[in-house]
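Remember, predicted model here, so these are calculated numbers, not experimental data.
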Amino acid sequence: IHLRALGLADPVLLGHFDSLDVVYRIQALEQLIQGEPPPAAPPPPDRPVLLFPTPEGPRELPFSAVVHLSYDDHIVTCLMADGEAVRSSTLRRPFPQVVRSMLLHQNFSQVSAAQLVNLDYLREVDKKASPPVLRMEGGLELPIPRTSLPGLLEEIQQYRQGFSHGAESS
């Protein structure tokens with residue numbers, strides 16, 4: 001079954017769909033083909049998740065547990081809050097397409113062409129280091145391009161101001 005037939009334009013990262021919704025759509029299509037009524041739709045997820053393709057099969061990674069994503073040679077490595085590093089299967093799409101659904105959430109920032117961070121886990125920005133370094137909870141240190149620093153500092157300030165005023169983030 002081709003995922004576009006199910007209304008899923010981005011089969012790698014489904015954005016607004018979680019894996020249960022995909023399973024439902026596949027089951028509904030199969031039952032419709034067989035002349036049976038489709039199953040009841042599953043309830044929407046409470047929290048956004050990333051349907052992450054791994055060599056072992058797709059995994060649901062809650063946005064709230066993602067600390068950092070990096071892209072290297074068609075492989076995305078996702079560092080989770082518990083310290084687990086989840087590697088993707090080989091992807092044939094640019095990194096901005098891969099992280100598009102995450103960038104819709106205020107707490108994620110693309111800090112370079114191949115790195116995305118969850119600002120919820122940002123501990124410190126070392127502006128004096130060369131190149132500048134982001135220090136994340138758990139000890140991860142990420143060098144970032146100096147040219148990215150002004151925009152990133154502005155994003156961090158806007159995020160923290162929104163957070164301190166009670167705005168929700170994912």
Side-chain angles (χ1 to χ4, degrees), residues 8-19 21 44-170:
L8 304 174
D10 191 349
V12 174
L13 300 176
L14 300 173
H16 302 296
F17 300 107
D18 65 11
S19 61
D21 191 45
D46 291 337
R47 297 213 175 257
V49 297
L50 176 67
L51 185 58
F52 197 70
T54 70
E56 297 80 31
R59 282 188 54 187
E60 282 187 359
L61 305 177
F63 281 14
S64 61
V66 173
V67 175
H68 171 257
L69 284 118
S70 62
Y71 185 75
D72 185 38
D73 198 28
H74 299 284
I75 302 288
V76 175
T77 302
C78 182
L79 179 65
M80 304 301 291
D82 65 5
E84 179 185 14
V86 183
R87 289 178 52 88
S88 74
S89 48
T90 302
L91 303 176
R92 301 282 181 221
R93 62 185 58 238
F95 188 64
Q97 268 187 339
V98 171
V99 298
R100 179 179 48 223
S101 64
M102 298 179 93
L103 288 171
L104 297 174
H105 297 265
Q106 186 181 11
N107 54 321
F108 286 98
S109 177
Q110 188 170 350
V111 296
S112 72
Q115 294 187 87
L116 179 96
V117 296
N118 184 338
L119 297 177
D120 291 338
Y121 295 97
L122 178 64
R123 207 179 57 206
E124 176 187 10
V125 179
D126 186 348
K127 299 177 263 189
K128 295 179 182 175
S130 184
V133 173
L134 300 182
R135 291 194 176 89
M136 309 296 289
E137 289 181 20
L140 178 66
E141 293 192 358
L142 300 168
I144 61 165
R146 188 161 296 284
T147 55
S148 298
L149 190 58
L152 176 62
L153 293 174
E154 185 176 324
E155 274 187 66
I156 292 168
Q157 181 180 13
Q158 288 175 356
Y159 173 67
R160 290 185 174 159
Q161 285 175 343
F163 190 71
S164 67
H165 290 101
E168 283 190 29
S169 68
S170 46

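- The side chain to side chain contact (heavy atoms under 4.5 Å, CB included) test applied to Ser109 returns Val111, Val117, Leu119, Leu152, Glu155, not counting sequence neighbours.
- Among residues two or more places apart in sequence or in another chain, the side chain to side chain contact (heavy atoms under 4.5 Å, CB included) test is passed with Gln110 by Phe95, Pro96, Val99, Leu103, Leu116.
- A search for salt bridge (charged side-chain N to carboxylate O under 4.0 Å, His left out) contacts involving Glu56 returns nothing, not counting sequence neighbours.
- Identified under the salt bridge (Lys or Arg N to Asp or Glu O under 4.0 Å) test for residues 108-117, with sequence neighbours left out: none.
- Expressed to the nearest 0.5 Å, how far NE2 of His105 lies from CG of Asn118 amounts to 10.5 Å.
- Between the CG atom of Leu140 and the OH atom of Tyr121 there is a distance of 13.0 Å, given to the nearest 0.5 Å.
- The shortest side-chain heavy-atom distance between His74 and Ser88 does not fall under the 4.5 Å cut-off.
- For the atom pair Leu134 CG and Ile156 CD1, the distance stands at 6.5 Å (nearest 0.5 Å).
- A distance of 12.0 Å separates CD of Gln106 from CZ of Arg160, quoted to the nearest 0.5 Å.
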Go through Met136 and Leu122 one step at a time and tell me if the side-chain contact (heavy atoms from CB on, under 4.5 Å) criterion holds.
CA-CA 5 Å; Met136 309 296 289; Leu122 178 64; 3.8 Å; yes

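- Residues Pro55 and Ser89 share a closest heavy-atom pair of CD-N, 3.8 Å.
- The side-chain heavy atoms of Arg146 and Pro132, taken from C-beta on, include a pair separated by under 4.5 Å.
- Residue pairs meeting the salt bridge (Lys or Arg N to Asp or Glu O under 4.0 Å) criterion with at least one partner in residues 69-85, sequence neighbours excluded, are Arg59-Glu84.
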Stepwise side-chain contact (heavy atoms from CB on, under 4.5 Å) test for Leu69 and Phe52:
CA-CA 11 Å; Leu69 284 118; Phe52 197 70; 4.2 Å; yes

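- Contact between Tyr71 and Val76 at its shortest, heavy atoms only, is CD1-CG2, 3.4 Å.
- Applying the side chain to side chain contact (heavy atoms under 4.5 Å, CB included) test to Arg87 and every residue at least two apart in sequence or in another chain returns Ile75, Thr77.
- With sequence neighbours excluded, the residues satisfying side-chain hydrogen bond (donor to acceptor under 3.5 Å, both in side chains) with Ser112 are Gln115.
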Test side-chain contact (heavy atoms from CB on, under 4.5 Å) applied to Glu137 and Val67, step by step:
CA-CA 8 Å; Glu137 289 181 20; Val67 175; over 6 Å; no

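- Qualifying side chain to side chain contact (heavy atoms under 4.5 Å, CB included) partners for Arg135, counting only residues two or more places apart in sequence or in other chains: Arg123, Glu124, Asp126, Val133, Glu141.
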For Met80 and Val66, what are the C-alpha separation, side-chain angles and deciding distance, and is it a side-chain contact (heavy atoms from CB on, under 4.5 Å)?
CA-CA 5 Å; Met80 304 301 291; Val66 173; 4.1 Å; yes

